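Any value given below was found using the heavy atoms of this structure, including those in side chains, with hydrogens, waters and symmetry copies removed. Bear in mind that the values here come from a model prediction, so they are computed numbers and not experimental data.
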Amino acid sequence: MSMTSTKWSSESNSVDGIWTTTVKVAETFENPDGRTQTKTRTIELDGKPTKTEINAMVESTQEPQHSDYTKHTADEFKREAVREHNTLRQTHGVPPLSLAQDLCVLAQKWADYLIDNNKQGHSSNELGENLAEKSGHSPTLDYAGCYNMLIDKANTLYG
C-alpha cells in the first residue's frame, strides 16, 4: 500500500488563555490492486503551531511506507532514526543530532527491562527520553508530547 495524498485541516481554541490545536488528517493510500483507501486521524497539539510546524508533525506521525522495519539491522535502524529526526529538525532551523552509542546502550537496556518486566514508563536517569507505544489496530503513534523535545536546540545527541 502506498500513500497517494495527504490533506489536513486545523482548528485552534483558547480556554482560559491556553491554546490547543486539533489537526484532522486524511491520508489516501493505493492498494496493490489499484483500489484506494482513505484513513483519517486526529492530532492534538499544545499552542498555535504554524503551517510549517503542523506539516512537520503530520509528516513525522505518518505510517511508515517501508515494507518491514524488521528487515533492518539495529545499526541501520539507528542511522535511519537519526536521519529522520534531523530532517524534521532542519525544517525548524535546528542543528542536527549526533548518534551517541553510549545512549543507545542505555536506551536498549531500559527497553529490555520494560519488556522483561511487562512495564512501561520513563527511567530515572534524567537524560531525557521519548517513549511511544502502539497496540491494536491504531494506525499511528501519538508523538505530540515528545515533539518539543525533538526540536529543542539544546538536544545534540541521539541514542
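Contact of the V105 side chain with the D102 side chain is not registered, since no non-hydrogen atoms from C-beta on lie closer than 4.5 Å. At a threshold of 4.5 Å between non-hydrogen side-chain atoms, the residues L45 and V23 count as touching. Using a 4.5 Å heavy-atom threshold, the side chains of R89 and T87 count as separate. Within the 4.5 Å cutoff, side-chain heavy atoms of I43 are placed close to those of R41.
Partners of R83 under the salt bridge (charged side-chain N to carboxylate O under 4.0 Å, His left out) rule, at least two apart in sequence or in another chain, are E80. Remark: Q90 pairs with no residue by the side-chain contact (heavy atoms from CB on, under 4.5 Å) rule, at least two apart or across chains. Considering only residues two or more places apart in sequence or on other chains, K48 meets the side-chain contact (heavy atoms from CB on, under 4.5 Å) condition with S12, W19. Looking at residues two or more places apart in sequence or on another chain, you find a side-chain contact (heavy atoms from CB on, under 4.5 Å) between N117 and Y113, K119. Residues meeting the side-chain hydrogen bond (donor to acceptor under 3.5 Å, both in side chains) test with T38, sequence neighbours left out: T28. With sequence neighbours excluded, the residues that form a side-chain contact (heavy atoms from CB on, under 4.5 Å) with T6 are M3, V25, E27, V58, Q62.
With rounding to the nearest 0.5 Å, the separation of CG in L99 from NE2 in H85 is 11.0 Å. Rounding to the nearest 0.5 angstrom, the gap separating the OG1 atom in T91 from the CE atom in M57 is 10.5 Å. Note: E53 CD to N55 CG = 10.5 Å, rounded to the nearest 0.5 Å. For the atom pair K7 NZ and T40 OG1, the distance stands at 13.5 Å (nearest 0.5 Å). With rounding to the nearest 0.5 angstrom, the NZ atom of K24 is 13.5 Å from the CH2 atom of W8. L88 CG to E59 CD: the interatomic distance, rounded to the nearest 0.5 Å, is 8.5 Å.
Residues K78 and D75 are paired through a salt bridge, judged by an N-O separation under 4.0 Å between the basic side chain and the carboxylate.
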* Q108 and L106: CA distance, side-chain angles, deciding distance, side-chain contact (heavy atoms from CB on, under 4.5 Å) verdict -> CA-CA 5 Å; Q108 188 61 58; L106 285 173; over 6 Å; no
* Test side chain to side chain donor-acceptor pair (under 3.5 Å) applied to E44 and T22, step by step -> CA-CA 5 Å; E44 299 289 336; T22 301; 2.9 Å; yes
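With N86 contributing its side chain and L97 its backbone, the two residues share a donor-acceptor pair below 3.5 Å.
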